[in-house]
Every structure is written in structure tokens, then in C-alpha cells.
Protein chains: 2
Amino acid sequence: MEPTNDYQKLENQICFPLYAASRLVTKCYQPLLKDFGITYPQYLVLLVLWEKDEVSLSYISERLLLQSNTLTPLVKRMEEMELLSRKRSDTDERSIIISLSDKGKQMKTEAQQVPVALASNFQFSVEEMITLKGLLDKLIRNVE
Amino acid sequence: MEPTNDYQKLENQICFPLYAASRLVTKCYQPLLKDFGITYPQYLVLLVLWEKDEVSLSYISERLLLQSNTLTPLVKRMEEMELLSRKRSDTDERSIIISLSDKGKQMKTEAQQVPVALASNFQFSVEEMITLKGLLDKLIRNVE
DNA sequence: CGCAATTAAATCGTTTACGATACAAATATA
DNA sequence: TATATTTGTATCGTAAACGATTTAATTGCG
């Protein structure tokens, strides 16, 4: 076994902290979202729909960078929970249009404190928040 | 449905880019790790073992912030691929000691270019890399 | 010592993720 | 207009993740 290359040290990895931070932050959402009976990816779907209702699955796919093989079952579970409904588009029979139910719309108001409560876990200054978000957005653009 | 709270916009979220960036970067590893027949979490286990061989499952758990319910099946798959072996500790019968196989050790040399090849996808300056890593490490410390 | 508490792995069930592929509808092109 | 291509979802199989729980080994403490 060769001597340890610096780049092969976990300590020097940038991808591992990214991966770990993402998982840890998702865990932070759990107690907050538990009251609503939803998971973090389901919450993301709601965020999209709260901005723009009655959109196609492909629209949600573009916004969240998740494919249909992930979204289809996820959204079906949300339909079973009566947070939204799925129907074929009239103009394009291939498309599925997702619409919020009353319950799904109501949850928007009830969940307003979630982002604030979550951000408090970060213990970051506004500058740090902005820097981190800027770098992550740039990373996504570069890698995508 | 209430008017959209700024913090409820996907655009203003910091957690979503974290989540998306993590998934995209993991995808970047895929073509690189495909040659070795391993996944990104499996690669992380190898990184730990390349630094320190013959460690307990709980040690890997601490390093990667992954629990036994994730690691046990993951490591078992790696044992089936003959990258490592699992045996009970002599001093503590509860512990499982993970040891690299020759194949697992050899892979260290062969995979040396992986971190370099991956970093090129980022198209980040050294400063940006350092800043991002610093913020992610701090975030992990704060949230953990 | 004897028993309660802790620790290390493993098991179970559910939900993401995603590559590969299938399939039907819509679009482009010859 | 026929056919090839593209597009939008869905299906399948596999591998993470993780909460909750179980089991066995070890430790701590009266």
C-alpha cells in the first residue's frame, strides 16, 4: 500500500464535508417536519408548489434536479397523504399536472416558521450564509 | 394560501443548494469510481481504511458520521467484493474489526487520480475551495 | 459479586436516489 | 403524410440513509 496521498485523506476532502453536511442538515429538518408528517424531499416539493401551483412533474424535476424515477413515487406518496393531486394534462397527454390540495395549501402558513427555526441551528452570520449559498450555487452551475 | 414568505422560496434556501450540490457531486464520482466497481459511500470507507487499517465499525461510523444500520450492509457488500474482511475483535467480542484485503490496498494506488480528476469538475479557485471547506466544516461542527 | 446501564452491531421497515429501460404522446423531418 | 426522434412519466433493480428496536458483550456501581 502506497504512502497516503494528501488528497486521499478524508481531512482534505471537500466532497465529504459536503456530503456529511447535507445529511446532517436534512436530519435537522426531521423534528420540524415531523409535525407535518412529511420528509425533507417532500417539503421541497411543497416549496416548489407554494411558489407555483398546478405544474407538471417535469417542472418540479427541473427545479429540484430530481428525476421522474425519484419524483413519481415521492409525489404518489404525497397524493396518498392528500397533500396534492395528480392529473393528466389536457393539452399534453404525456404530462402529469400536480395541484396542491386545501391541506397542502394550508400547510404553507403553518410551516412558515420552519426555515427560521432551521437556520438557527446553523449559528452562522449573515455573511457566512451568503458566502456559503453563493459558493454552493456556483458549484451547482459548474457541475451540472 | 398565504403570500409567499421570502424564506419559503426555493431561491432563498441554503439547505436546498447544499442538498442538490451534494447529490450532483456524488454523481460526478460515478464515472470515476465505475472503473473500480464501487459507489461513493464505499469509496469513503476505503478512504478511512487507507488512512488507518484494521479499525472497528464504530471507528468508521465516527469518521463518516454514518450509523451501523447504514454501514453494516455497506461493508458486507464490500466484503463480498473482496475489498475487505470482517472479524470479531479478540479483546471486545461486540466489535467488528475491518481489514483491507490486498485488492483493497492495491486500489489505493490505482485510485490516486480520483480526487484530482474530481476537483477539476468544480472549476473553483483555491480560495473558493478553502472557503467552502471551512464553512462546511464549521456547519458540521455547529449542527452535529 | 450481582445487576443495571451502556455500548457495538445487526435487523427491520420505509423512503430516497439513480442507472437503465420501457412506453406512449408529441414533434420533427424526409 | 409516414416515420424517426424527442419528450414526459413510469417501472425495475440496487444501494444508500435512517428511525426504531433487538441482542449480546462489557462496564459501572452499590
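Both backbone and side-chain heavy atoms feed into the values below; hydrogens, waters and symmetry mates do not. Letters go in sequence order (proteins before strands), and every chain restarts at 1.
Transitive grouping of hydrophobic side chains (ILVMFWY, heavy atoms separated by less than 4.5 Å) keeps A:I97 and A:L46 in distinct clusters.
Rounded to an integer number of Å, the gap from CD of A:Q30 to P of C:dT14 is 16 Å. Rounded to whole Å, the distance from CD1 on A:I96 to P on C:dC23 is 18 Å. As rounded to whole Å, 11 Å separates atom P of C:dT16 from atom CG of A:L33. Distance, B:L44 CG to D:dA17 P: 8 Å, rounded to whole Å. Atom-to-atom, CZ of A:R88 to C1' of D:dT7 comes out at 13 Å; the value is rounded to the nearest Å. When the C1' atom of C:dA17 is taken as reference, atom CZ of B:F16 falls 14 Å away, rounded to whole Å. With rounding to whole Å, A:Y29 atom OH is found 16 Å from D:dG19 atom P. One atom, CG of A:L65, and another, P of C:dG19, lie 13 Å apart when rounded to the nearest Å.
Residue contacts for B:S56: at a heavy-atom cut-off of 4.0 Å it reaches the sugar-phosphate backbone alone, with no base atom in range. Residue contacts for B:S95: at a heavy-atom cut-off of 4.0 Å it reaches the sugar-phosphate backbone alone, with no base atom in range.
Under 4.0 angstrom from either OP1 or OP2 of C:dA10 there lies at least one side-chain N or O belonging to B:R86. Within the 4.0 Å cut-off from OP1 or OP2 of C:dT11, at least one side-chain nitrogen or oxygen of B:K76 is found. Considering only side-chain N and O atoms, B:Q67 lies under 4.0 angstrom from the phosphate OP1 or OP2 of D:dG19. The side chain of B:T72 contributes an N or O atom lying less than 4.0 Å from OP1 or OP2 of C:dA10.
Between B:Y43 and B:Y29, the ring planes lie tilted relative to each other; the angle falls in the 30° to 60° range.
Residues B:Y19 and A:Y40 place their aromatic rings such that the two centres sit under 6.0 Å apart.
Electrostatic pairing of B:D137 and B:R141 does not count as a salt bridge here, judged by no charged N lying under 4.0 Å from a carboxylate O. Between A:R88 and A:E93, no side-chain nitrogen of the basic residue sits less than 4.0 Å from a carboxylate oxygen of the acidic one, so the salt-bridge criterion is not met.
In this structure, A:R23 and A:Y59 both approach DNA chain D, and ranking their closest nucleotides by distance from the 5' end singles out A:Y59.
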Contact list (N/O, under 3.5 angstrom) for nucleotides 13-16 of chain D vs protein:
unit_1: D:dA16; atom_1: OP1; unit_2: B:T39; atom_2: OG1; d: 2.7
unit_1: D:dA16; atom_1: OP2; unit_2: B:Q42; atom_2: NE2; d: 2.7
unit_1: D:dA16; atom_1: OP2; unit_2: B:R77; atom_2: NE; d: 2.9
unit_1: D:dA16; atom_1: OP2; unit_2: B:R77; atom_2: NH2; d: 3.2
unit_1: D:dA16; atom_1: O5'; unit_2: B:R77; atom_2: NH2; d: 2.9

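For A:R94, the salt bridge (charged side-chain N to carboxylate O under 4.0 Å, His left out) partners two or more places apart in sequence, or in a different chain, are A:D92.
Among A:K108, A:Q106, A:Q112, the one residue that satisfies the side chain to side chain donor-acceptor pair (under 3.5 Å) test with A:E110 is A:Q106.
The closest donor-acceptor contact from the side chain of A:K103 to the backbone of A:M81 lies under 3.5 Å. For the pair B:E144 (side chain) and A:L24 (backbone), a donor-acceptor distance under 3.5 Å is absent.
By the 6.0 Å contact criterion, CZ on B:F36 is enclosed, its count of non-hydrogen atoms from other residues, nucleotides or ligands being greater than 12.
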Seminar exercise, completed: Each nucleotide of nucleotides 22-29 of chain D classed B (base within 4.0 Å of a protein heavy atom), S (only sugar-phosphate) or -, in 5' to 3' order, makes ---BS---
